[in-house]
Asker: 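For reference, the structure I am asking about is given below.
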Amino acid sequence: MAGRAFTAERMTRILPSLIEILARVKGMEQQGRRLVHFDLGEPDFPTPDHIVEAAYRAMRDGYTRYTPSLGLIELREALAEHWQRLYGLAVDPGGEILVTP
């Protein structure tokens with residue numbers, strides 16, 4: 001069997017990663033195919049400058065670690081205030097709001 005590659009059968013059951021699928025999609029688009037994206041959440045527009053600047057400032061200011069598992073309390077408090085203003089609902093940012101990717 002010299003020169004012949006052997007692959008274990010179980011290796012055939014491994015699905016391609018979403019990154020690999022996205023690369024295939026981009027290749028199809030380069031060939032002129034029009035596709036509607038329902039993948040990875042990868043935006044089809046550049047990040048607005050004010051968001052890039054805010055991210056840069058946050059990293060420069062030391063926000064480079066994981067957040068608490070429920071999300072930053074400041075964001076949860078702002079969301080609770082938003083729900084109060086918009087819907088008149090009292091929401092506890094300490095236990096009723098979860099911010100996740």
Asker: Given the rule that I, L, V, M, F, W and Y join up when any side-chain heavy atoms are under 4.5 Å apart, are Leu89 and Leu75 in one cluster?
Answerer: yes
Asker: Is the number of heavy atoms from other residues, nucleotides or ligands under 6.0 Å of Arg60 CZ greater than 12?
Answerer: yes
Asker: Under 4.5 Å between any side-chain heavy atoms of Val25 and Leu35, yes or no?
Answerer: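 Counting from C-beta outward, Val25 and Leu35 do come under 4.5 Å.
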Asker: Under a single-linkage definition using a 4.5 Å side-chain heavy-atom cutoff for Ile, Leu, Val, Met, Phe, Trp and Tyr, are Val99 and Tyr87 assigned to the same hydrophobic cluster?
Answerer: yes
Asker: Are Ile97 and Trp83 linked, directly or through intermediate hydrophobic residues, by side-chain heavy-atom contacts shorter than 4.5 Å (ILVMFWY only)?
Answerer: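 Per the 4.5 Å side-chain linkage, Trp83 and Ile97 are co-clustered.
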Asker: Got a second to check how far Leu79's CG is from Leu86's CG, nearest 0.5 Å?
Answerer: 11.5 Å
Asker: Counting only heavy atoms not in Asp49, do more than 12 fall under 6.0 Å of its CG?
Answerer: no
Asker: Identify the two heavy atoms, one from Pro93 and one from Val91, that lie closest to each other, and give their separation to 0.1 Å.
Answerer: CD-O, 3.2 Å
Asker: Name all residues meeting the side chain to side chain contact (heavy atoms under 4.5 Å, CB included) criterion together with Arg85; count only those two or more places apart in sequence or in a different chain, and write none if there are none.
Answerer: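 Arg85 satisfies side chain to side chain contact (heavy atoms under 4.5 Å, CB included) with Glu81, His82 once adjacent residues are dropped.
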Asker: Short question: side chain of Arg76, backbone of Gly71 - any donor-acceptor pair under 3.5 Å?
Answerer: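 Side chain of Arg76 to backbone of Gly71: a pair is present.
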Asker: Nearest 0.5 Å, what's the OH-CG distance between Tyr56 and Asp61?
Answerer: 10.0 Å
